[in-house]
Every structure is written in C-alpha cells, then in structure tokens.
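To start, the structure under review is shown below, and the notes come after it.
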There are 2 protein chains.
Amino acid sequence: MTAAAIEERFRAAKRASRGAARLTSTQKSEALGAIADALEANSARIIAANAEDLQRGRENGIGDSLLDRLALDEARVSALADATREVASLPDPVGEVVRGSRLANGVRLEQIRVPFGVVGAIYEARPNVTVDIAALALRSGNAAVLRGGSAALSSNMVLVDVMREALAGLGIDRDTIQTVDDFGRDGATALMTGRGFIDVLVPRGSASLIETVVTTSTVPVIETGAGNVHVVLDSSAPDDWAREITVNSKTHRPSVCNSAESVLVLRDAAERLVPLVGRALQEAGVTIHGDETVASLLDGVVPATEDDWATEYLTLDIAMRVVDSLDDALDHIDTYSTHHTETIVTTDVRNAERFLAEVDSAAVYVNTSTRFTDGGEYGFGAEVGISTQKLHARGPMGLPELTSTKWVGRGAGQVRR
Amino acid sequence: MTAAAIEERFRAAKRASRGAARLTSTQKSEALGAIADALEANSARIIAANAEDLQRGRENGIGDSLLDRLALDEARVSALADATREVASLPDPVGEVVRGSRLANGVRLEQIRVPFGVVGAIYEARPNVTVDIAALALRSGNAAVLRGGSAALSSNMVLVDVMREALAGLGIDRDTIQTVDDFGRDGATALMTGRGFIDVLVPRGSASLIETVVTTSTVPVIETGAGNVHVVLDSSAPDDWAREITVNSKTHRPSVCNSAESVLVLRDAAERLVPLVGRALQEAGVTIHGDETVASLLDGVVPATEDDWATEYLTLDIAMRVVDSLDDALDHIDTYSTHHTETIVTTDVRNAERFLAEVDSAAVYVNTSTRFTDGGEYGFGAEVGISTQKLHARGPMGLPELTSTKWVGRGAGQVRR
C-alpha cells in the first residue's frame with residue numbers, strides 16, 4: 001500500500017515536472033512571490049504546527065541546539081518568505097544556449113540548458129530547507145520531492161501544503177512540490193531508489209546522512225557536505241596574513257563546512273608562527289589540539305591524537321601540527337582532507353602554485369580565508385549546497401547546477417552518409 | 001587476500017593519478033604515441049593471447065557475432081594503434097579556465113578544468129575498449145582501472161601490460177593504467193564500491209550490464225547506452241524527408257544505439273506515409289512490426305505487441321504505430337523511450353518547437369536522421385560514450401566530460417567580514 005502511494009506521488013511529480021519545465025521566468029517569479037506571500041499569510045498555522053514538533057522534540061529529549069534549528073517564529077517565517085522572494089529574483093538558467101554550431105551538413109546544433117525534471121532532497125530537522133529546496137527547484141524549472149527529518153514532520157507538512165496551495169492558486173500544478181515525509185523511512189528509501197522518477201537526489205545534513213544516501217541510492221546523487229578544511233602556514237607566511245587568515249578561517253562561523261579544522265605549520269616557521277597564531281586563536285576562544293612540537297611552543301595545548309587530524313569539529317577547536325616540508329603538508333591533506341577547501345599562506349610563488357595544482361579539493365586558495373567557499377561569496381546569488389564530488393558540480397552550486405542540458409538539432413532532411 | 005590485492009591496485013592507481021594530472025599535453029601525446037607504437041610492435045604477442053580467448057570462447061560455445069567482436073588480427077591491432085594516435089592529437093581539456101572573476105574583495109577566482117583522478121570502466125568482451133578507454137583517460141589526465149569481460153581476459157591482460165610497459169619506458173608511472181580483470185567478478189564489485197579510490201565509473205555494454213552497474217555502484221556512475229529511438233512522422237511531413245530520414249535512421253547502422261527502433265505516424269498522414277515509408281523500409285530489408293492500422297495499409301507487417309514498443313532491436317526490425325495526435329506521440333515517447341534520441345519530420349513550426357521543447361531526451365531533432373547523435377558527428381573528435389543520464393553529461397561525451405573542475409582563489413590576505 002505504502003509503496004503504491006509513494007509511487008503515485010512520484011508519478012504526479014513527474015507529470016508536474018513537464019509543466020514546470022515550460023513555465024517562463026516570469027511565471028516562476030510570480031509563483032515564488034505567491035509562495036512567499038502565502039507563507040506570511042499562514043504564519044500562525046505554520047507556527048502552530050511547529051509548536052507540535054517542538055513539543056514532541058522536548059518529550060523525546062532532543063538537545064537545545066537541535067530545538068533551536070527546528071523552531072519557527074514569525075520573524076523566521078518572514079525570513080523564509082524573504083529568501084523565497086530573493087530566489088524569485090535570481091537569473092533563470094533554463095533555456096541558456098550553452099554552445100552551438102552549424103555542422104558541416106548544415107544541421108544547426110545547440111546545447112540548451114533544461115531542468116533536471118524531478119529533484120529529490122533528503123535532509124534533517126530544519127524546516128527552512130523545505131522551503132529553500134522547493135524554491136530553488138522551482139526557479140530552475142524542476143519539480144521537487146522532499147523528505148525532511150521526522151522531528152520536523154508537522155512543520156514540513158504544513159509548509160508543503162501552503163506552497164502547494166499557492167501554486168494551485170496561480171493555476172500551476174500543485175504536484176510540482178511534493179513531500180514523502182508522511183511515509184517516514186519508506187519515503188526516504190523510495191526516493192533513493194526511485195529510478196525513472198527522481199532525476200537527481202540532493203542530501204543535506206550530517207556526514208552519516210550523506211553517507212547513507214550516497215551508498216544506498218540507485219538514482220544519481222550530488223554529494224554535499226563535510227569539510228575537514230586545512231590551513232597551511234608556509235615558511236614564508238607573513239605574520240599578519242598567517243594570524244588573520246587562520247583566525248578568520250576558524251572563528252568567523254565555526255559551525256559551517258568551510259571553517260578550518262586543522263593548521264599545518266612548516267617546521268622552519270614553527271617557532272615564529274605557532275606561538276603567534278596559536279595565541280591569537282586562544283584569545284578568540286579556540287582550543288588547540290596540537291602535536292608535541294606545538295605543545296612545546298605554546299601553553300594550554302590539548303595533546304592531539306590521530307582522530308584529531310580527521311575530525312570536522314564545527315566548534316571552537318582546531319588541530320595543529322608541525323610538518324617538515326610542503327610535501328608532508330600535501331601528504332597530510334591527501335590523507336585526512338574531505339576535499340572541500342584548503343588554503344596556504346605563503347609568499348613563495350613556487351609553493352603557491354604547487355599547492356594550487358596538487359591539492360585535490362573543490363576549492364584551493366592562496367592567502368585567503370577558507371570561508372570564501374560559498375555560493376554567495378562567489379556571486380551566485382543563492383547556494384544549492386557545496387558539492388564535494390567531482391561529477392556534475394564541484395564546490396559551491398548555484399541554480400545552473402540544478403539543471404541538465406539537451407542537444408537540439410534542426411535540419412532540412414539531412415541523413416548520415 | 002583478494003580484497004587487499006585489489007585495494008593495493010586502487011591505491012597505486014590513486015597515487016599514479018596525481019602524476020597523470022600534472023603531465024603536460026606534450027607528455028601525454030608522447031605517451032599515447034609510445035603506446036600506439038608498442039601495440040604494433042607487440043602485435044604477435046597480442047594476437048597470440050587473443051587466440052587463447054577465441055579458443056576458450058569456441059569451447060564455451062559463444063556466438064559468431066561475439067567471437068567477431070572479440071577477435072584481433074594484425075589489421076585490428078593497427079587500427080587500435082591508429083585510434084590511440086588520434087586520441088593523442090585531440091585538444092587537451094585539462095587546465096581550461098571555465099570561468100573566472102575578481103571578487104569584490106580582490107580575490108581572483110577561477111574555475112579550472114582538472115582530471116577526475118581515477119576513471120573506472122566496466123565493459124564486455126571487446127578488447128578494443130581496453131585501449132580506447134585507457135587512451136581517453138590518459139589524454140584527459142586520469143588514471144584508469146579497467147574491468148573487461150572474462151571472455152577477453154587473455155587479450156586484455158596483454159594489452160594492459162603492453163600499455164604499462166610503454167608508459168614505464170617514458171618514465172611515467174605504469175600504475176596509471178590498471179586492470180582488475182584477473183580478479184574476475186570481485187574486481188567488478190570492488191570497482192563499483194571503490195569509494196575514495198574510483199572517482200567515476202563508466203559502464204559500456206549491454207543494457208543489463210549498465211543496469212547492474214548503475215544499481216550496484218556506490219561510486220558516481222556515468223550511465224551510457226540504451227537507445228529506444230523514435231522517428232515521428234507529422235501530418236505535414238514531406239514524402240521525401242519522411243522516407244529518407246526514417247530509412248537512414250533505421251538502416252544506416254542498425255546495431256548502434258542511435259538507430260531508430262520505432263516510427264510513429266500521425267493518423268492524418270497514415271494513408272500517405274505508411275505505405276510510402278513502409279515499402280522503402282521493406283526494400284531496405286527491414287521487418288515492420290506494426291499495429292492494426294499499419295497492417296491494414298501495408299503488406300508483410302508482423303503484428304506488434306506491447307513488447308515491440310519497448311524493444312531496442314539493434315537489428316533490421318522496426319516498430320510502427322499510427323497515433324491520433326502529436327500529444328499521443330509525445331505520450332508514447334514518454335512511456336517507451338530510453339531518452340537517448342528522437343526526431344520529428346514536419347514542416348509545421350508549432351509542432352517542431354513543441355517536439356523540441358517537450359521530448360525529454362539527450363538529443364531531439366527536427367528533420368534530421370537520428371544517426372547524428374555521435375561524438376564524431378558533433379565535432380568532438382572522439383567519443384567517450386553517449387550519456388543517457390542528466391547528471392554531469394548528457395548525450396555524446398568528449399574528452400571534457402572525463403574531467404571535473406576545481407575553484408582556484410588567489411588573494412593577498414583577504415578574510416571574510
């Protein structure tokens with residue numbers, strides 16, 4: 001019964017995706033505007049549903065930070081509406097002619113950007129993702145099938161209902177936005193194995209959620225996420241850049257994936273930089289997990305274990321290690337990095353270019369903070385996520401990364417000789 | 001033991017991929033030239049190994065067409081060498097600046113084309129694919145781990161050995177080209193689940209092989225392949241275009257994926273076009289599997305069953321159906337197509353544009369043969385395969401589709417405010 005009911009929703013999403021693909025930019029902007037207005041108009045209903053989730057969460061003993069992520073109030077609903085209006089103003093990627101040519105036989109060939117069709121999303125207990133993904137999918141001409149965490153079930157069901165009603169009010173197929181939240185785990189499993197219905201699946205959340213989705217799915221997945229991000233301080237690193245870039249990379253917003261988690265200091269510069277950078281970090285409230293050399297140069301260091309090199313803390317903690325050479329730094333990164341973002345502070349052009357060429361990460365920097373790996377910073381207007389895989393999209397993804405292409409050929413009777 | 005031995009090869013490939021990524025275009029051309037020369041110089045050894053495969057194949061009773069695909073002689077080895085030299089002359093996609101900008105804070109940001117790293121391939125008993133994929137992977141700066149069919153085991157082992165020796169002779173890491181053929185099914189399974197080692201996996205072969213790879217793999221896969229390709233003859237289709245395009249699409253090379261498998265004729269034109277196009281197909285040796293209307297308008301029609309609409313014949317057979325409207329044609333395609341290539345013959349601009357917009361296939365044409373969906377025809381110089389998925393690449397893939405990108409940022413101490 002459940003399987004059939006889920007498949008019926010997938011079929012409805014697939015049907016709706018054909019209509020969504022043909023909506024003009026203007027129609028999509030209007031739809032997103034209507035969704036934003038509807039969210040605000042239904043604020044009380046949304047907050048009431050959210051209160052049920054919060055109540056259940058408290059009964060189940062979920063932590064304060066999770067409760068905070070889950071909570072919606074009038075200001076947060078307004079922020080969701082505003083974010084939706086911002087998505088409405090983004091350039092529409094659909095219809096872009098990516099390349100084109102006239103073949104020798106006269107056939108006019110164009111590669112055109114088209115929507116994927118149906119975008120699936122699996123994420124955790126953050127109701128804002130429900131609206132965020134639906135809006136991004138719709139702006140790029142896709143239908144969306146959503147599966148949020150069970151902790152946000154009541155909020156998500158109402159948010160989806162409000163968005164669907166807003167679409168229907170404009171004569172747009174409400175099935176363009178679907179949820180399978182009410183099917184629990186079965187909904188998630190169906191999304192991961194929905195070949196023929198789900199064109200691409202985007203997981204958002206913890207490393208374990210992403211790992212489950214990537215290893216279970218038979219539909220194509222865009223892997224987003226984990227950032228065990230490194231700052232390398234070369235022998236030539238100037239004091240001020242070393243200090244400012246390391247502190248900014250760690251402390252500007254420690255809970256996000258582009259924050260630094262490890263600092264590698266070249267041995268030649270250890271005596272100069274470990275105390276200088278270490279104290280600046282400590283003054284900013286950071287706990288340093290250091291190797292023996294670091295501990296010998298700086299007070300208050302927690303001894304680092306092998307685990308520290310591989311840990312994405314997402315807190316005011318950082319691992320610090322002294323390495324003998326740039327080669328050792330590159331080896332360390334190759335062993336422990338999640339290939340998200342790494343930066344080197346150096347004035348040596350050879351070391352800078354080696355680092356940029358040899359570090360195999362989505363974003364590699366010289367003399368900048370790691371915090372720049374972000375769709376907004378890159379000028380994309382919005383961010384679909386940060387891809388850590390190499391297929392399709394790598395690094396910050398904007399709306400074009402939620403599209404595919406098709407080849408369109410126009411001829412006058414040409415056949416192949 | 002086997003698992004450890006396979007992992008050791010994967011590790012070696014990963015190590016080698018770092019060197020491969022840094023080879024210049026010139027070095028890669030020289031390496032491919034050396035491989036081509038080595039293939040010719042070792043022709044006798046390759047043919048002797050191939051004879052073992054053929055002998056085993058005959059003993060196992062494999063069919064003549066499979067034996068023919070498997071067989072290598074001096075001319076075919078030379079053709080392999082020539083194909084490798086052609087790959088050497090293709091433009092190197094690595095290092096292309098895809099886009100770039102200067103951020104508001106002065107950071108210079110570039111998106112650069114980089115190799116995937118390690119490309120895996122799983123394919124069937126065609127030893128030419130062994131050389132083909134290795135050459136394309138190397139030209140695009142990747143290491144390759146190959147798994148061919150067991151029927152070609154002896155040939156593949158020697159081909160890989162010859163290629164590895166040629167690399168070593170130039171001082172290039174021989175582990176850039178690997179095989180796991182000698183591990184049988186375990187090798188294939190390891191490739192499909194080699195997360196952290198295999199950056200992308202390309203299956204090549206039958207629909208069932210591709211289905212197995214797509215549903216089993218936990219590494220990213222580029223799905224290539226199956227083509228249940230449609231020709232639609234609109235009411236306005238001119239006689240000559242309808243006849244020539246249909247016959248060319250079916251008969252130019254029936255065994256390949258871009259050949260037509262079904263013709264849909266609009267009812268208004270059925271009396272005119274079914275006999276005209278049907279007889280032309282029959283004169284070209286094609287068996288027509290038709291619905292009742294087709295059978296009433298043409299002699300020698302085999303009654304079509306539901307299965308015929310879904311069949312990729314790859315032979316001189318075609319399914320023919322009369323549909324009431326363009327909508328019905330679009331619905332039929334949506335139900336049965338493998339989303340590879342479809343074409344419409346029409347002079348009605350509204351129908352042409354609806355078809356191009358609404359058919360959800362990798363390539364959609366107006367008034368051209370379906371046979372143009374081909375990397376060579378598109379001007380790519382070589383073809384990695386034809387992707388029927390929407391992620392990463394769709395339609396004919398060239399060398400750039402064997403690469404990823406990375407973001408490179410160069411700053412002067414910028415931090416995020």
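Quick caveat, the model's predicted, so the values are computed rather than measured. Chain A is the first sequence line, chain B the second, and so forth, proteins listed ahead of strands; every chain is numbered from 1.
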Against chain A, label R243(B) side chain, backbone, both or neither, depending on which of its atoms sit under 4.5 Å from a heavy atom there. neither
Pick one of side chain, backbone, both or neither for T370(B), based on which atoms fall under 4.5 Å of a heavy atom in chain A. neither
Of S404(A), G413(A), S369(A), the largest count of non-hydrogen pairs under 4.5 angstrom with chain B goes to G413(A)
Where on R371(B) is there a heavy atom nearer than 4.5 Å to chain A: the side chain, the backbone, both, or neither? both
Checking V221(B) against chain A: side chain, backbone, both or neither under 4.5 Å from a heavy atom? backbone
N105(A) versus F372(B): any side-chain heavy-atom pair under 4.5 Å? yes
Bottom line for A362(B): the part with an atom under 4.5 Å from chain A's heavy atoms is backbone
Just by distance, do the side chain of R394(A) and the backbone of T405(B) share a donor-acceptor pair under 3.5 Å? yes
Going from CH2 on W241(B) to CD on Q414(A), what distance comes out if it is rounded to the nearest 0.5 angstrom? 8.0 Å
Rounded at 0.5 Å granularity, tell me how far CZ in R15(B) sits from CG in D334(A). 10.5 Å
Region of W407(A) that comes under 4.5 Å of a non-hydrogen atom in chain B: both
Given the options V114(B), V214(B), L103(B), which has more heavy-atom pairs under 4.5 Å with chain A than any of the others? V214(B)
Where on V200(B) is there a heavy atom nearer than 4.5 Å to chain A: the side chain, the backbone, both, or neither? side chain
Relative to chain B, which segment of E377(A) carries a heavy atom at a distance below 4.5 Å: side chain, backbone, both, or neither? both
Toward chain A, the part of I245(B) with a non-hydrogen atom under 4.5 Å: both
Measuring heavy-atom distances to chain B, does A412(A) have an atom under 4.5 Å in its side chain, in its backbone, in both, or in neither? both
Please report the interatomic distance CZ(R99(B)) to OH(Y378(A)), rounded to the nearest 0.5 Å. 10.0 Å
Heavy-atom cut-off 4.5 Å, strictly under: side chain, backbone, both or neither for T373(A) against chain B? neither
Can you measure from CG (L391(A)) to CZ (F116(B)) and round to the nearest 0.5 angstrom? 5.0 Å
For the pair K406(B) (side chain) and V359(A) (backbone), establish whether a donor and an acceptor sit closer than 3.5 Å, ignoring hydrogens and angles. yes
Between A363(B), A393(B), A21(B), S249(B), which has the largest tally of heavy atom pairs under 4.5 Å with chain A? A363(B)
Quick check on V107(B) against chain A: is it the side chain, the backbone, both or neither that has a heavy atom closer than 4.5 Å? side chain
Relative to chain B, which segment of R417(A) carries a heavy atom at a distance below 4.5 Å: side chain, backbone, both, or neither? backbone
Could you give the distance from CG (D360(B)) to NZ (K14(A)), rounded to the nearest 0.5 Å? 6.0 Å
Which bit of E353(B) is near chain A, if near means a heavy-atom gap under 4.5 Å: side chain, backbone, both or neither? side chain
Give, as side chain, backbone, both or neither, the part of S217(A) having an atom under 4.5 angstrom from any heavy atom of chain B. backbone
Check each atom of E211(B) against the heavy atoms of chain A and say whether the ones under 4.5 Å are side chain, backbone, both or neither. side chain
For the interface with chain A, which of E244(B), Q389(B), R195(B), E223(B) has the highest count of heavy-atom pairs at distances below 4.5 Å? R195(B)
Do R18(A) and L330(B) have side chains that get closer than 4.5 Å, going by heavy atoms? no
Nearest 0.5 Å, please: how far is CG in N258(A) from CZ in R416(B)? 6.5 Å
Who wins among T218(A), T347(A), V364(A) for the most heavy-atom pairs under 4.5 Å with chain B? V364(A)
For R410(A), which of L356(B), T368(B), N367(B) qualifies under side chain to side chain contact (heavy atoms under 4.5 Å, CB included)? L356(B)
Would you mind checking which part of R354(A) comes under 4.5 Å of any heavy atom in chain B, side chain (CB onward), backbone (N, CA, C, O), both or neither? neither
For D240(A), is it the side chain, the backbone, both or neither that has a heavy atom under 4.5 Å from a heavy atom of chain B? neither
